[in-house]
Amino acid sequence: MKLKQQLQLLVADVLKAMIADDLLPAIDLPEISIERTRQKEHGDYSCNIAMVLAKHARCAPRDLAQQIVDQLPDTKIIAKIELAGPGFINFYLTDEPLYQAIRDVLSEGRRYGHTDMGAGQKVIVEFVSANPTGPLHVGHGRGAAYGDALARLLRAAGYDVHTEYYVNDAGRQMNILAVSVWLRYLELCGEEMDFPANAYQGDYVWDIAASIHRSRGNDLHRKIDDVFVGVPPDEPLGGDKELHIDGLINRAKELLGSDYEVVFDQGLNEITDNIRRDLSEFGVEFDNWFSERSLHHSGEMEKAIQTLDENGYLYEKEGAKWFRSTDFGDEKDRVVVRDNGQTTYFASDIAYHLDKLDRGYHRLIDIWGADHHGYVARVKAALQALNADKDRFEVLLVQFAILYRGGEKLAMSTRSGEFVTLRELRNEVGNDAARFFYVLRKCEQHMDFDLDLAKSQSSDNPVYYVQYAHARICSVLAQLTERSMPAPDSDNAKFELLTEDHEKEIMSQLLRYQEVLESAAKNHEPHQIAYYLRDLANAFHTYYNAHQFLIDDEGLRNARLVLIQAIRQVLAGGLDLLGVSAPESM
RNA sequence: GCCCCGGUAGCUCAGCUGGAUAGAGCAGCCGCCUCCUAAGCGGCAGGUCGGACGUUCGAAUCGUCUCCGGGGCACCA
């Protein structure tokens with residue numbers, strides 16, 4: 001049992017006894033908060049229950065605290081209890097829980113600190129899910145690093161986690177991509193044109209066009225004058241860029257017939273493969289890539305819309321089908337089927353989330369960019385309309401990463417092709433630094449990502465600080481054989497020899513890891529792990545500078561080596577949760 | 001106009017489910033390698049926690065108002 005819980009129980013038992021003896025009015029006990037103290041002078045843990053209950057007990061907080069302290073039994077884990085300030089009960093621990101922490105770390109290994117909080121509950125975490133219309137940029141990187149760390153964290157907390165990438169392989173954006181590719185292809189065939197303002201401008205579009213040209217030669221070549229027949233003018237010519245591009249999509253379908261799909265699929269597949277590879281290289285692997293198109297093919301789209309209709313939440317207006325989401329608190333009703341008969345992205349989303357529930361997940365966690373926050377209410381509304389429990393669906397919004405280069409804010413737009421890709425970032429600062437940097441900020445925090453800083457000062461990145469501690473420990477342990485010293489022996493370690501303040505501090509930190517992990521998982525905050533690791537690394541570096549490990553005194557040497565072995569284990573375990581490597585040398 | 005997020009040290013950020021003297025990294029200044037990796041360690045300096053009012057024994061933390069910054073409010077995805 002965790003230390004905090006043990007202390008909670010002790011206090012709870014005392015309070016119950018006091019109620020039974022009429023020393024306290026009978027009430028439902030509030031949750032007893034046991035917290036780590038900030039200052040050493042306040043002991044290791046403190047409890048504020050006396051102040052919380054003072055009014056109820058109609059006595060001064062300090063008097064109540066004194067009564068509680070008087071009745072607390074002696075235990076192996078508590079060395080001293082003090083009453084302080086307005087009525088805090090401060091616990092000073094014995095060394096036993098500290099020693100036990102070392103033993104636990106070494107016996108449980110990478111599972112140290114893991115809990116069964118989730119009780120095997122099935123959770124699906126959906127993240128990134130960027131449209132396959134271009135390479136991932138640094139904004140997606142944040143979602144990827146955060147989502148993956150969260151999934152690992154939830155697994156460590158005992159949830160049965162499934163990760164998924166929702167591929168928007170249907171819809172208008174994909175058609176715009178297809179047209180962009182085809183027009184570039186036509187340029188490769190020697191045609192000249194004003195490239196549409198609303199088409200995808202990035203260089204990767206040329207690459208896709210080139211691969212079609214390689215495999216199909218000039219098969220898909222059509223005279224440029226034919227292509228633009230009947231297409232409304234583009235924006236630079238005083239027209240509407242949306243109408244212009246839609247006109248081109250229609251012409252492309254007419255002129256290419258079944259070959260349109262060749263272009264479409266080539267774009268989709270090349271980009272999806274690229275995204276998949278990119279994420280994989282970043283250390284992010286999804287359990288499943290879910291195709292939006294499959295919702296159409298399987299009939300789930302139709303079914304979802306039909307169910308909404310049957311439940312009485314659909315109506316027609318101006319040729320479109322609307323979902324009455326205002327019935328569930330959304331600010332306005334939403335279109336699910338447009339007047340041209342096409343379903344909206346929102347309709348796909350309804351079907352997709354229904355599908356997740358049908359697959360038996362108890363909790364649906366979506367990680368979205370902050371710009372999608374307006375969607376939360378309508379998806380929740382739809383789930384309610386379909387008789388699902390909206391509280392099983394949770395959206396975590398990741399704020400934007402604002403990029404700076406040379407002090408200048410950078411524009412980020414997939415359409416214009418102006419963006420720094422995730423791949424560029426990884427190449428420049430490395431996966432480990434990128435992942436740690438991303439996860440160092442909680443997701444709702446706006447992030448200033450200074451590229452110059454990340455590149456030029458990558459050795460100042462806090463990730464190296466943590467990794468360095470790990471590598472240093474590995475280095476020390478590696479020298480044992482060179483010096484003909486025995487490997488650390490935890491079974492026979494005399495932990496009572498570890499009397500230095502630095503050692504006590506480290507043991508206390510090792511013990512704390514369990515609490516940090518649980519809190520990080522509960523609050524969906526991987527950054528807590530990152531900050532913890534930096535603290536632990538700091539404690540180690542300080543220890544390293546103050547004391548020698550490879551000393552002649554065998555008993556002390558063994559105890560110290562067992563201790564740093566435990567540090568190494570926790571550093572490696574924590575870094576793994578963040579998807580960061582733990583190198584043995586640097 | 002409405003909604004979401006942020007405003008804490010020169011810079012980037014922790015702390016926010018109320019607790020006891022507000023923390024870290026970077027930048028600045030001063031020290032530490034004949035010794036297990038100096039990508040390290042120690043020290044100094046640096047703050048009206050945007051502002052006001054309120055709730056409370058106690059507020060950076062909760063509530064209301066307000067100012068500043070980012071984002072969102074489509075028959076786009």
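Computed from a predicted structure; not experimentally measured. Numbered from 1 within each chain, the chains take letters A, B, ... in sequence-line order.
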query = Looking at B/rC36, B/rG40, B/rG19, which one has an atom nearest to any side-chain atom of A/Asn545?
reply = B/rG40

ask   = Nearest to the side chain of A/Tyr464 - B/rC36, B/rA39, B/rC3?
value = B/rA39

Nearest to side-chain heavy atoms of A/Arg38, which nucleotide of B/rA74, B/rA60, B/rC41 = B/rA60

inquiry  = If you only use heavy atoms from C-beta on, which nucleotide in B/rC76, B/rA14, B/rC36 is closest to the side chain of A/Gln479?
reply    = B/rC36

key: Check: A/Trp289 and A/Ile275 side chains under 4.5 Å, non-hydrogen atoms   = yes

query = Using centres under 5.5 Å plus planes under 30 degrees as the test, is A/Phe88 stacked with B/rA20?
reply = yes

key: Distance-only polar pair, side chains of A/Thr344 and A/Arg334, donor-acceptor under 3.5 Å   = no

task = Taking only the side-chain nitrogens and oxygens of A/His527, find out if one of them lies under 4.0 Å from OP1 or OP2 of B/rG15.
result = yes

Close aromatic pair by centroid cut-off 6.0 Å: A/Phe88 and A/His42 = no

query = Does any donor-acceptor pair link the side chain of A/Asn48 with the base of B/rA20 at a separation under 3.5 Å?
reply = no

request  = Looking at every strand, decide which applies to A/Ala170 at a 4.0 Å heavy-atom threshold: base, sugar-phosphate, or nothing.
outcome  = sugar-phosphate

query = Within the modelled atom types, does a donor on one side and an acceptor on the other bring the side chain of A/His446 and the base of B/rC5 under 3.5 Å apart?
reply = yes

key: Side chain of A/Gln39 (C-beta onward), nearest among B/rU12, B/rU21, B/rC36   = B/rU21

ask   = Base, sugar-phosphate alone, or nothing: which one does A/Lys522 contact when heavy atoms must sit under 4.0 Å apart?
value = nothing

Over 12 non-hydrogen atoms of neighbours within 6.0 angstrom of NZ in A/Lys504 = yes

ask   = When all nucleic acid strands are considered with a 4.0 Å heavy-atom cut-off, which category describes A/Glu584: base, sugar-phosphate, or nothing?
value = base

inquiry  = Which nucleotide wins on minimum distance to the side chain of A/His373, given the candidates B/rC35, B/rC75, B/rG72?
reply    = B/rG72

query = Within 45° of the axis and under 6.0 Å from the centre of the six-membered ring of A/Phe437, does NZ or CZ of A/Arg441 qualify?
reply = yes

request  = Please tell me which of the listed nucleotides, B/rA38, B/rU21, B/rC3, lies nearest to the side chain of A/Arg472?
outcome  = B/rA38

task = When you get a sec, tell me which of B/rC5, B/rU21, B/rA14 is the closest nucleotide to the side chain of A/Tyr531?
result = B/rA14

query = Does A/Gln445 place a side-chain N or O at less than 4.0 Å from the phosphate oxygens OP1/OP2 of B/rA14?
reply = yes

task = Ignoring backbone atoms, test whether A/Lys442 places a side-chain nitrogen or oxygen under 4.0 Å from the OP1 or OP2 oxygen of B/rC13.
result = no

message = When you compare the side chains of A/Gln509 and A/Glu505, does any donor N or O come within less than 3.5 Å of an acceptor on the partner?
response = yes

query = Choosing from B/rA20, B/rC36, B/rC13, which nucleotide comes nearest the side chain of A/Asn90?
reply = B/rA20

key: Residue A/Glu331, side-chain atoms from C-beta onward, closest of B/rC2, B/rA39, B/rG23   = B/rC2

inquiry  = Just N and O in the side chain of A/Thr542: are any of them under 4.0 Å from OP1 or OP2 of B/rG42?
reply    = yes

inquiry  = Heavy atoms only, 4.0 Å cut-off, all strands: where does A/Asp535 land among base, sugar-phosphate and nothing?
reply    = nothing

remark   = Using Watson-Crick geometry (N1-N3 plus N6-O4 or O6-N4) or G-U wobble (N1-O2, O6-N3), each under 3.5 Å, B/rC41 is paired with B/rG31

task = Look at the side chain of A/Gln342 against the base of B/rC75 and say whether a donor-acceptor pair falls under 3.5 Å; ignore hydrogens and angles.
result = no

query = B/rC73 phosphate, OP1 or OP2: any side-chain N/O from A/Arg378 under 4.0 angstrom?
reply = no

